[in-house]
Each structure stands twice: as structure tokens, then as C-alpha cells.
Amino acid sequence: MTDTTKDRVLIFDTTLRDGEQSPGATMTHDEKLEIAELLDEMGVDIIEAGFPIASEGDFRAVSEIAERSKNSTICGLARAQLPDIDRCWEAVKHAASPRIHTFIGTSPLHRAIPNLSMDEMADRIHQTVTHARNLCDNVQWSPMDATRTEWDYLCRVVEIAIKAGATTINIPDTVGYTAPRESADLIKRLIETVPGADEVVFATHCHNDLGMATANALAAVEGGARQIECTINGLGERAGNTALEEVVMALKVRGDIMPFYTEIDTTKIMHISRRVSTVSGFPVQFNKAIVGKNAFAHESGIHQDGMLKNKETFEIMRPEDVGIAGTSLPLGKHSGRAALRAKLKDLGYDVGDNQLKDIFVRFKELADRKKEVFDDDVIALVSATADGGDHLQLVNLKVTCGTGGPATAEIEMDVDGKEMAAESRGDGPVDAAFKAVRKVYPNSARLQLYQVNAVTEGTDAQATVSVRLEEDGMIATGQSADTDTVVASVRAYIAALNRLMVRRGKTGKDVKEISYKDVH
Ligand code: KIV
Ligand code: ZN
């Protein structure tokens with residue numbers, strides 16, 4: 001029930017715009033739609049779905065998210081240029097509740113880029129916000145790098161934007177430069193000083209360069225901001241943005257000293273965090289607040305003893321509150337399809353029959369090798385089978401490695417129905433196996449990231465492997481999980497190659513026959 005003694009803070013999620021902008025975090029069209037649906041279901045007030053003028057793909061994603069949204073306002077970003085704003089409106093206008101977000105850099109460093117004088121920029125702001133407001137009733141305006149903009153000029157441009165019809169004024173800390181007290185003061189003084197400020201919503205948008213994004217956003221709320229801009233897992237440019245899960249849980253847990261609330265269904269946090277991590281290829285650090293693997297784990301004897309006697313000794317929130325299922329029984333090799341489907345449902349995954357079939361096959365293979373299949377193992381299997389196209393598939397892999405000499409790999413692959421094989425040597429088994437894949441499918445993709453994590457404990461734990469590839473400026477990620485790290489690595493590599501192929505409109509038919517057993 002809504003607490004009327006508290007003020008509501010709107011949650012503006014920009015995972016699909018600022019988050020997706022972070023190098024390597026590009027998502028496919030379908031993934032964007034899926035994340036938008038999850039954000040909508042969890043109660044996000046405003047979803048910034050993309051930057052429609054940036055590309056045809058961004059335009060399509062924002063339009064489709066706008067058409068499908070049920071509850072959230074759908075927002076698109078536009079620079080302070082009329083064609084940008086028109087394009088943004090074309091994309092968001094399909095939403096039941098659309099918003100145009102237009103911005104311009106107002107600090108001295110940012111004014112120098114378009115080489116505009118203070119007066120010229122003020123005129124541009126007036127013209128572009130007026131134009132946006134003529135198209136849409138709901139207009140957000142941001143002075144980019146506000147925290148390094150001269151105070152008098154900031155007041156002047158905020159006033160112009162309000163007079164031109166902006167309904168939300170966002171104050172970005174674009175380079176993560178501010179600190180909590182300053183963040184609170186800035187918003188408070190703007191609201192006290194600028195004529196008309198009491199008629200608009202003030203928003204805070206903090207980057208995390210000094211690790212203060214969450215503290216700065218909460219301080220801005222204390223200063224009078226009523227909209228927090230944030231991303232799932234804190235994804236975003238450089239060190240990222242304010243993490244949605246952190247501000248939402250901080251307001252929930254410390255409502256005693258911060259009299260504010262949000263309408264977020266916090267039990268959906270964990271699931272969306274995992275999905276964003278999978279589709280962006282950005283793993284969540286183990287000790288990340290709220291959503292890290294260790295956030296609710298208690299290792300030391302004293303902590304474990306305290307937890308057994310009274311959970312509140314070391315837990316300030318319950319795992320269930322953020323959607324971590326309580327202790328649940330692991331699955332085993334006798335578990336059937338119905339048990340797997342029920343487990344997936346418990347974990348928040350609603351998979352179609354075909355995907356369930358694939359996951360079940362992988363699950364049975366895993367259960368044959370591993371006594372108990374834990375929740376994290378199941379989640380890793382879902383992520384691994386959700387990887388788009390399947391032009392290239394791994395059929396067989398044999399590696400030799402050890403102290404005696406170079407590692408070798410023999411691989412058999414299915415390339416759009418054609419069986420192909422190759423052998424290679426390498427500097428370790430993963431290198432040998434990747435080289436063998438490149439012989440089957442020659443490509444110039446550059447490996448940007450190769451990362452291995454153990455999903456559960458023990459030497460039979462599954463390894464999840466993330467691979468990020470770049471080819472001609474296009475980036476694709478792949479993930480896979482297996483108790484065999486080399487197999488997981490090759491599957492992740494192939495998943496990333498498949499995604500690159502899909503994006504480039506290529507198929508396996510472009511692959512020429514190669515000679516078998518071509519050892520280097
Ligand atoms: O960080 C920033 O200033 C932004 C703006 C576009 C709002 O992301
Ligand atoms: Zn930003």
C-alpha cells in the first residue's frame with residue numbers, strides 16, 4: 001500500500017540508451033524488446049528506449065517498444081537539433097505515454113564543441129524545447145555536464161527550458177564529478193532560484209566515475225529531485241550509471257531516514273539483472289550490492305553462526321525481496337521436463353516449448369556429469385541456449401593439453417547442415433580450439449573479451465564463459481556454460497560468431513570447403 005507520508009520518486013531507466021552505449025554492451029533488437037518488457041513489468045515509470053536518430057536499428061527498437069509498452073512512459077533521446085527531435089517523436093509517438101528527451105552540453109568544455117556562444121546556445125535551447133513541446137506534451141530537457149556548468153548560466157538555461165515547455169528538468173552529472181552534499185545543494189538551490197521550478201519535476205542522472213553515483217542520486221532526492229535516472233546493474237558509459245537496484249533498495253530499506261518510495265516491484269530485480277548481464281555480455285561483479293553472487297552469501301564462521309540464530313544479525317534485507325528464491329532443492333538426473341519447467345518458472349523464465357526442449361537436452365547431459373544441478377546451473381543453461389542464430393554448431397571437440405608440448409584441438413562443426421572439420425595447435429587448449437574454429441569458419445573478428453567464471457562450487461562446477469568479438473566496428477557477445485571449460489569456451493565463441501553472422505546478413509553457405517587435418 002502507498003504510504004502517504006512519503007514522496008514518490010519516479011524511476012527512469014536508461015539501460016537501453018545510456019547502458020547500451022557502453023562499449024561492447026550492444027543488444028540485439030529482440031533482446032531490447034525483452035528487457036523493455038521486463039522493465040515495464042517491474043514498474044519502471046519511464047523507459048529511455050534508445051536514441052532514434054542514431055541508427056535505423058535504434059529507431060525500430062524505440063518504435064516497437066513504444067507500441068508494446070503497457071504501463072511505462074516511453075522516452076527517446078534527441079540532440080538539440082530539429083531533425084533529431086522529429087525522428088525521436090516519430091519513434092515514441094506510438095506509445096500510450098510518449099516522452100521526448102532533448103539535451104545539449106552546457107558547460108564551457110561542452111559549449112566549445114558546437115562552438116556556440118552562451119547567447120547562441122540559449123536561443124538553441126529555446127527553439128528546440130519549444131519544437132519538442134509542440135510535438136509532445138511530455139518533454140524532458142537536460143543540460144549535459146550540468147555539474148560543471150557555471151551556476152548563473154545553469155539557472156538561465158533551466159529557466160529558458162521551463163518557459164519553453166519542458167516538463168522534466170534533468171541535471172546530469174555526466175562525468176561523475178559531483179559529491180553527495182554538492183549534489184543535494186545543486187538541486188535545492190535550482191528549485192529555490194529558478195522561476196517556474198516548482199511546476200516541473202527535477203531529475204538526477206549520475207555517472208559513477210568516482211563510485212558515488214548511488215550516493216549522489218539519493219542526495220539529489222533529498223535536495224528535491226523526484227526522478228532518478230539509472231540502469232540495471234549500473235550499466236553505462238565508462239564506470240556506468242546509478243544502479244537501479246541500489247537506489248530502489250536503499251529507499252525501501254532506509255525509509256526511516258529517507259521518506260520516499262518508488263513503485264518498483266523489487267522481487268523482479270534479480271531476474272532482470274541476470275538477463276541484462278547475459279544479453280549485454282557484462283558479468284556482474286561477485287560483491288556487487290544487491291545483485292552480486294555474494295550479496296547474500298555468508299562465509300565466515302561467526303557470520304554463519306549468527307545467521308542460523310537470527311537472520312537479521314547480518315542481513316538488512318531478505319533475499320526474497322529482490323527475487324532470490326529461498327533455499328530450493330537442486331535438480332538431479334532423474335528430474336523430468338515438468339520439474340525443469342517448474343524450476344525455470346520459479347526462477348522467472350517463461351520459455352517456449354522449443355527452447356525448453358534445447359535446455360532439457362543440455363540439462364540431461366549436465367545431470368549425467370554432475371550429481372546436483374543448482375539454480376545457478378539452470379540459469380547458466382538458459383543463457384547458453386538463448387543465443388540467437390545457429391548457422392555454426394559444435395558437433396565434436398577433442399583437445400590434448402598438458403606439460404608435454406603444444407595443445408592440439410580437433411573440431412567437427414555443422415555449418416548450415418554441412419559437416420566440416422579441422423585441427424589446430426595452439427598456446428593452450430582454448431587457443432588451439434579457437435584456431436580450429438577459425439579454420440572451419442575463416443573470419444577477421446577480433447577477440448575483445450574472454451572471461452570464465454565458475455557457476456557453483458567444486459571441481460565439477462559449470463564454467464560460464466563470455467566472449468566478445470569485434471569485426472569492422474560491429475560487436476557481438478556469446479555466452480555458454482559447461483563443466484568442461486574448453487567446450488564452454490568454444491560454444492561461447494561460436495555463439496558470438498553466429499550473432500555476428502546474423503547481423504551481417506551472412507550464412508554458413510559463404511564458407512568454402514577446407515581441407516581436413518590441416519595442422520599448423
Ligand atoms: O550523462 C549524460 O549527460 C547523459 C545525457 C544525454 C542526459 O546521458
Ligand atoms: Zn549519461
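Note: hydrogens, waters and symmetry copies are ignored here, and every other heavy atom, side chains too, is used.
When ring centroids are compared, Tyr349 and His271 come within the 6.0 Å threshold.
Applying salt bridge (Lys or Arg N to Asp or Glu O under 4.0 Å) to Asp45 and the options Arg99, Arg8, Arg226 leaves one that passes, Arg8. Among Thr266, Thr214, Thr262, Ile264, the single residue meeting the side chain to side chain contact (heavy atoms under 4.5 Å, CB included) criterion with Met249 is Thr266.
Glu48 and His101 are linked by a side-chain donor-acceptor pair at a separation below 3.5 angstrom, with hydrogens and angles left out of the test. Counted by atom type alone, Ser444 and Glu471 present one or more donor-acceptor pairs between their side chains at under 3.5 Å. Between the side chains of Thr15 and Asp13, at least one donor-acceptor pair of N or O atoms lies under 3.5 Å. Looking at Ser273 and Asn233, their side chains do bring a donor and an acceptor atom within 3.5 Å of each other. For the residue pair Glu470/Gln448, the side-chain donor-acceptor check at 3.5 Å is not satisfied. Thr14 and Glu229 share no side-chain donor-acceptor pair at under 3.5 Å.
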ring-ring contact (aromatic ring centres under 6.0 Å, His included) between Tyr441 and His391, intermediate numbers included
CA-CA 11 Å; Tyr441 177 60; His391 294 295; 9.3 Å; no

Trace of the side-chain contact (heavy atoms from CB on, under 4.5 Å) decision for Met212 with Cys206
CA-CA 8 Å; Met212 292 192 282; Cys206 300; over 6 Å; no

Check against side-chain contact (heavy atoms from CB on, under 4.5 Å), Leu244 and Met42
CA-CA 11 Å; Leu244 178 146; Met42 86 187 296; 4.2 Å; yes

Starting from the C-alpha separation in whole Å, work towards a yes-or-no answer on side-chain contact (heavy atoms from CB on, under 4.5 Å) for Ile47 and Leu16.
CA-CA 8 Å; Ile47 299 173; Leu16 297 173; 4.3 Å; yes

Going through the checks in order, is the side-chain contact (heavy atoms from CB on, under 4.5 Å) test met by Asn241 and Cys230?
CA-CA 6 Å; Asn241 289 63; Cys230 47; 5.8 Å; no

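Salt-bridge formation is detected for the pair Arg369/Asp482: a Lys NZ or Arg NE/NH1/NH2 atom is positioned less than 4.0 Å from an Asp or Glu carboxylate oxygen. The residues Glu31 and Arg275 are annotated as not salt-bridged, no charged nitrogen and carboxylate oxygen being separated by less than 4.0 angstrom. Between Lys288 and Glu245 there is a salt bridge, with a side-chain nitrogen of the basic residue lying less than 4.0 Å from a carboxylate oxygen of the acidic one. In this structure, Asp58 pairs ionically with Lys32, as a charged nitrogen and a carboxylate oxygen lie closer than 4.0 Å. Arg17 has no carboxylate O lying under 4.0 Å from a charged side-chain N of Glu20, or vice versa, which leaves the two without a salt bridge. A salt bridge links Arg341 to Asp353: one of the charged nitrogens lies within less than 4.0 Å of a carboxylate oxygen. Using a 4.0 Å cut-off between charged nitrogen and carboxylate oxygen, Glu64 and Arg68 count as a salt-bridge pair.
Lys6 places none of its side-chain heavy atoms less than 4.5 Å from the side chain of Phe260. Between Pro52 and Glu90 there is no side-chain heavy-atom pair separated by less than 4.5 Å. Side chains of Glu419 and Val395 form a contact here, defined as non-hydrogen atoms less than 4.5 Å apart. Taking 4.5 Å as the limit, some side-chain heavy atom of Arg468 sits within range of a side-chain heavy atom of Phe282. Contact of the Glu365 side chain with the Val361 side chain is registered, since non-hydrogen atoms from C-beta on lie closer than 4.5 Å. Side-chain contact between Val465 and Ser480 is absent, with no heavy atoms from C-beta onward closer than 4.5 Å. Here the side chains of Thr242 and Asn208 are not in contact, with every heavy-atom distance at 4.5 Å or above.
Evaluation of the salt bridge (charged side-chain N to carboxylate O under 4.0 Å, His left out) rule for Asp265 yields Lys268 as partners, not counting sequence neighbours. With sequence neighbours excluded, the residues satisfying side-chain hydrogen bond (donor to acceptor under 3.5 Å, both in side chains) with Asp472 are Arg504.
For the atom pair NZ of Lys435 and CZ of Arg425, the computed distance is 11.0 Å after rounding to the nearest 0.5 Å. Rounding to the nearest 0.5 Å gives a distance of 7.0 Å between CG of Asn294 and CG of Asn287. Here Ile411 contributes atom CD1 and Met413 contributes atom CE; the two are 5.5 Å apart, rounded to the nearest 0.5 Å. From Arg60, atom CZ reaches atom CD1 of Ile65 across 11.0 Å, with rounding to the nearest 0.5 Å.
In terms of heavy-atom proximity, Val44 sits nearest to Ile11 at CG1-O, 3.6 Å. Nearest heavy atoms, Phe296 versus Ile290: CE1-O, 3.6 Å. Taking every heavy atom of both residues into account, Ala496 and Gly478 meet most closely at CB-N, 3.6 Å. Counting all heavy atoms, side chain and backbone alike, Ser489 lies closest to Tyr450 at OG-OH, 2.8 Å. Between Val92 and Cys75, the closest heavy-atom pair is CG1-C, 3.8 Å. Ala339 and Leu331 make their closest contact through CB-CD2, 4.2 Å (heavy atoms, listed as atom of the first residue, atom of the second, distance).
Geometric assessment of Lys293 against the ring of Phe286 yields a positive cation-pi assignment under the 6.0 Å and 45° thresholds.
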Using residues 396-405 as the side-chain source, report each donor-acceptor pair under 3.5 Å to any protein atom, sequence neighbours left out, with the distance given to one decimal.
unit_1	atom_1	unit_2	atom_2	d
Thr400	OG1	Thr408	OG1	2.4

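Counting non-hydrogen atoms of other residues, nucleotides and ligands closer than 6.0 Å to CG of Asp427 gives a total of 12 or fewer. Enclosure of atom NZ in Lys364 by more than 12 non-hydrogen atoms of other residues, nucleotides or ligands within 6.0 angstrom is indicated.
Taking the six-membered ring where tryptophan is involved, the planes of Tyr493 and Phe434 are essentially parallel, since the angle between them stays under 30° and well short of 60°.
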